[in-house]
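In what follows, chains carry the letters A, B, and so on, assigned in the order in which the sequence lines appear, proteins first and then strands, with residues in each chain numbered from 1. Because the structure is a prediction, the values reported are computed rather than measured.
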Amino acid sequence: MTLSDIQSPLLRISALTKRFGGFTALHNVSVDIRPGERFGLIGPNGSGKTTLINCISGAFRTEPGTILFCDEDITLLQPHVRTRRGIARSFQIPRPFRSMTVAENLMVALDFAAHEHVSVTQRRDTMMSILNQMGLGSKANVSATQLSQVELRKMELARAMATHPKLLISDEAMAGLSSSEVDEVLDLLLSLASRDITIIMIEHIMQAVMRFSERVMCLDAGRIIAIGTPSEVMADQRVQEAYLGT
Amino acid sequence: MKRNGVAFWSGAAVFLAAVFAMTQVVGNQYPFFAGYVILQFIALAVAWSILGGYAGYVNFGTSAFFGVGVYTSVFLVSAFGAPLPLQILTGAAVGALMGFALGLLTLRMQGIYFSIATIALTIIIETTITNWRYVGGAAGIQIQRPAVTAPFDSYVQMLFFVQALLVVLAVAISRYIQNSWIGRGLQALRDDELAAECTGVPTLRLKLIACVISGALMCAVGAPAAMYLQYADPGSAFNLNYSVTTLAMSLIGGTAHWSGPIIGAIVLGTTQQFLTVTISSEVNVLVLGVMLVLFVVGAPEGIIGLVRKLRGNRKEGEA
Ligand SMILES: Nc1ncnc2c1ncn2[C@@H]1O[C@H](COP(=O)(O)OP(=O)(O)OP(=O)(O)O)[C@@H](O)[C@H]1O
Ligand SMILES: [Mg+2]
């Protein structure tokens, strides 16, 4: 095995552009994410972070640009196929299945995205262990509509985890949470990362980004303006300008 | 006089008994006629709910599927004198194809756009049939019933039985779907289509499956109606009433459980049959409207939802 085999990226985004009518939300974005990496994605409001996630998960079709995942071209695949291949995401505004309990929300993922043919009891066990791990064990039979904000965020992550992902994308899972809740969610993400899951974390809370990320990328108006270690990116002149809005 | 009196009263009693027996026979025909209609709507409502309830894609094209079922039979009978079972089977096959085509063309649309597309479909098909002379065109066509076979005394009795079979079939399929992975996937996409996709649910495929099955059943239910009415014309076969009534029955019963549409169809169907006899068939539309409004306002989840809520409240009260 050569060094380049080991370094082969999990996700490779090449020259990706996304337009909404005449408005270009992403300009020629190219980036590689390494297997096992903890990757922070930052940028001011409307800079295109969620749009990039939507392109990776397949919610949006990209016009020019290709996306490789595990060395395979997934640019034209439907979202559910990408999920089965190992790309999971949470939503910035939680999107639970409202007519279901927390347990049932996770069972959808286990029924449809589970990789092996496993028995119902095994799936139930997996479901409970994910819920316990996320601190939602006591909420298994509660309706998704009755969860608090932080519980909803956790359920989004738990449901994504139930698809058994290689890559987990968390879109502002901490927005609107108290500082102790932020730490709780951050610890969850760190513990997932320690289990060989590659994570892209979108976040506005800078302490969380600094603590979590091995590498950070900053978008501004759909362009990458900085990429590197957290401290490098924070020190970058253009990043500071983008955030101060000059 | 006493003996004569006994004979008289005996004769009168026999006469009354004979009249009673006659009314029993005539009365037995009516329940078959009326019962057939109720069974037909139970089957339609159950079939409709597979797409309209489980998937939440409100189909206003029930009458299109029903009418195509009717005209499949009309064509088969005029061309080949096909027997009833073949009419129903062919109806189901045509309905499945139609559901597949409709699904491919429209299921990428969401919500109201899908519903509008199904109305357009109804109009297109009705117009086509109206201009097809072979099956009678706008004027309609008379259909001859073949002789009834044992063990049935009348053709309507047999149709009543056949429709009951279709109800059982529709309910069995609907119940199966609800409890299978298809049902769980449909429930997820009904709640949130993008979240379902991103959780691994093949939404388009599941919607297509639901559309095909629902369409096949609705057409199959329409197929025996040609023989029931012994007549078919586009205006009645594609009557919007089928769409509206079916939808109302499903919503009144509730679509969260397979039994909802059955309950709704029985409640609304019997009420309508009763009013048709006691007052007139025109009141039906009014009653349908009033019941729909009452339920949309008071019990948006239908009777099923109402029952569940009451049970839930009781449980909370006990705890
Ligand atoms: N479906 C859409 N149609 C049209 N424009 C869109 C759509 N989605 C996003 N946009 C536009 O694209 C730009 C980038 O939006 P995006 O949601 O990706 O920003 P973001 O970086 O996630 O911002 P935030 O931090 O507020 O979540 C915005 O100007 C937004 O208005
Ligand atoms: Mg965003």
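B:D192 CG to A:F91 CZ: the interatomic distance, rounded to the nearest 0.5 Å, is 6.5 Å. Note that the CD1 atom of A:I53 and the SG atom of B:C198 stand 11.0 Å from one another [nearest 0.5 Å]. Taking OG1 of B:T203 as the start and NE2 of A:H80 as the end, the distance is 7.5 Å to the nearest 0.5 Å. To the nearest 0.5 Å, the span separating CD on A:E156 from OG1 on B:T199 amounts to 8.5 Å.
Across A:R95 and B:L194, no two heavy atoms sit closer than the pair NH1-CD2, 3.5 Å. Considering all non-hydrogen atoms of both residues, B:P202 and A:F112 come closest at CD-CD2, 3.6 Å. In this structure, A:R159 and B:A195 approach most closely via the heavy-atom pair NH2-CB, 3.8 Å.
In this view, A:F60 and A:F20 satisfy the ring pair (Phe, Tyr, Trp, His ring centres under 6.0 Å) rule, not counting sequence neighbours. Considering only residues two or more places apart in sequence or on other chains, A:F39 meets the ring pair (Phe, Tyr, Trp, His ring centres under 6.0 Å) condition with none of them.
Considering only heavy-atom pairs separated by less than 4.5 Å from chain B, the leading option among A:A160, A:G58, A:A109, A:A88 is A:A109.
Interface remark: A:R89 contributes side-chain atoms only to the contact with chain B (heavy atom separation under 4.5 Å). With a 4.5 angstrom heavy-atom cutoff, B:A196 touches chain A via backbone and side-chain atoms both. Interface residue A:A59: backbone and side-chain heavy atoms are both found under 4.5 Å from chain B.
The interface of residues 175-184 of chain B with chain A, defined by heavy-atom distances below 4.5 Å, comprises B:W181, B:R184. Against chain B, no residue from residues 191-204 of chain A qualifies, as none has a non-hydrogen atom under 4.5 angstrom away.
Surrounding CD of B:E301 are at most 12 heavy atoms belonging to other residues, nucleotides or ligands under 6.0 Å away. Within a 6.0 Å radius of CZ in A:R124, no more than 12 heavy atoms belonging to other residues, nucleotides or ligands are found.
Of the charged side-chain nitrogens involved, none lies within less than 4.0 Å of a carboxylate oxygen, so that A:R98 and B:D191 do not count as a salt-bridged pair.
A donor atom on one side chain and an acceptor atom on the other are found under 3.5 Å apart for A:S99 and B:Q187.
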